[in-house]
Amino acid sequence: EPARELLGVGRLTTGYGAAPVLHGVDLQVREGEMIALLGANGAGKSTLMRSLCGLHRPLQQGGIHLDGQDLALLRAEQIVARGLVLVPEGRQVFPELSVLDNLRLGAFTRPAGREVRVERMLQRFPRLRERLHQRAGLLSGGEQQMLAIGRALMAEPRVLLLDEPSLGLAPQIIGELFAALDALRAESMTLLLVDQMAPLALALADRAYVLEDGRIVASGSAAEIAGDPALAQAYLGGH
Ligand code: ATP
């Protein structure tokens with residue numbers, strides 16, 4: 001029996017002025033799935049991710065549902081509390097705060113059991129334990145990305161959204177990052193991943209969507225999308 005839909009985007013149109021950036025986007029994420037969202041620079045991936053978690057409003061048309069509940073009128077922190085949590089582009093850890101305090105802040109919607117979860121994050125990302133009391137701004141890019149993911153996991157997401165986590169990281173660190181994402185996938189975490197590393201993202205994902213100029217131009221199993229040479233232009237077009 002197919003897993004049920006957790007996150008649904010229906011005919012979503014939105015943008016920054018009169019001209020929409022997203023045009024009638026449809027997308028579904030089922031429980032336990034890992035979805036890759038691919039597209040060239042400017043296709044609208046970040047706008048979609050920010051719309052999902054209430055950071056970009058208003059939605060001009062269409063809707064977003066999490067487990068059947070309409071998210072359109074909820075504030076960003078209410079959306080986090082319901083389990084849709086974003087790891088934003090550029091990581092955006094709090095540079096002046098310690099690694100520990102960054103992790104603790106991730107639990108602001110779920111304070112119960114916070115310290116137990118901090119310990120679990122340090123087991124998941126041992127490098128963070130070595131840096132626990134350092135300012136987050138002093139970490140390497142890869143360590144900051146691990147911290148950003150750890151901070152998001154502290155909110156106990158039902159769906160984790162990742163916007164370009166590999167951006168600006170060295171190849172070896174990108175390998176570690178994707179290993180961490182693979183571990184989450186193996187734990188049946190539901191994931192929606194935007195990344196320019198299309199082959200790596202498709203190697204992990206169950207299904208993929210390709211966004212071009214604000215429209216979904218293809219969707220299917222990750223293997224189907226990876227094997228379609230005509231699509232490479234759409235998702236690698238910016239490079
Ligand atoms: P990238 O990979 O470069 O981040 P993207 O696929 O995430 O690209 P978006 O960042 O969503 O794309 O941008 C989509 C379009 O919306 C682009 O044309 C961009 O110039 C425009 N845009 C993004 N943010 C704003 C903003 N704050 N104000 C006006 N236009 C914006």
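For ligands, and for the atoms within them, numbers begin at 1 and follow the listed sequence. Just so you know, these numbers come straight off a predicted model, no measurement behind them.
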The atoms of ligand 1 lying under 4.0 Å from a heavy atom of Ala40, numbered in the order shown, are 6 (O)

- [ ] Run the contact test for Gly42 against ligand 1 with a 4.0 Å cut-off on heavy atoms, strictly below, and give the result.
- [x] yes

* Asked: Taking atom types as modelled, is there a side-chain donor on Gln145 or Arg91 under 3.5 Å from an acceptor on the other?
  -> yes

>> For the residue pair Gln60 / Thr14, report whether a side-chain donor-acceptor contact shorter than 3.5 Å exists.
In response: no

Counting from 1 in the order shown, the ligand 1 atoms closer than 4.0 Å to a non-hydrogen atom of Gln196 are 2 (O)

shortest atom 12 (O) of ligand 1-to-protein heavy-atom contact is with Gly44 N, 3.2 Å

Neighbour count >12 (heavy atoms, 6.0 Å) for atom CZ, Arg11: no

Note to self: Heavy-atom count check: over 12 atoms from other residues, nucleotides or ligands less than 6.0 Å from Asp206 CG?
What the structure shows: yes

For Ser46, the atoms of ligand 1 under 4.0 Å from one of its heavy atoms are 4 (O), 5 (P), 7 (O), 10 (O), 11 (O)

Inset, instruction - Indicate, with yes or no, if Leu7 and Leu153 share a hydrophobic cluster defined by side-chain heavy-atom contacts under 4.5 Å among Ile, Leu, Val, Met, Phe, Trp and Tyr. - result: no

Under 4.0 Å, counting heavy atoms only: does Arg50 come that close to any atom of ligand 1?
no

Within the structure, does at least one protein heavy atom fall under 4.0 Å of atom 20 (O) of ligand 1?
-> no

Between Met49 and Val85, is there shared hydrophobic-cluster membership here, with clusters defined by ILVMFWY side-chain heavy atoms closer than 4.5 Å? no

So the atoms of ligand 1 within less than 4.0 Å of a heavy atom of Glu164 turn out to be 2 (O)

* So, Lys45 side chain and Ala40 main chain: donor-acceptor pair closer than 3.5 Å or not? -> yes

closest protein heavy atom to atom 23 (C) of ligand 1 is Tyr16 CE1, 3.4 Å

N/O to N/O below 3.5 Å, does that happen between Val21 and ligand 1? no

Among non-hydrogen protein atoms, atom 13 (O) of ligand 1 lies closest to Thr47 OG1, 3.9 Å

| request: Consider ligand 1: state whether an atom of it lies below 4.0 angstrom from any non-hydrogen atom of Glu89. | output: yes

Any protein heavy atom at under 4.0 Å, with atom 31 (C) of ligand 1 as the reference point?
yes

_Determine whether Glu224 and Arg207 satisfy the following criterion, salt bridge (charged side-chain N to carboxylate O under 4.0 Å, His left out), listing intermediate values before the conclusion._
CA-CA 9 Å; Glu224 283 165 359; Arg207 292 191 300 119; over 6 Å; no

Check whether more than 12 heavy atoms from other residues, nucleotides or ligands sit under 6.0 Å from atom CZ of Arg127, and answer yes or no. no

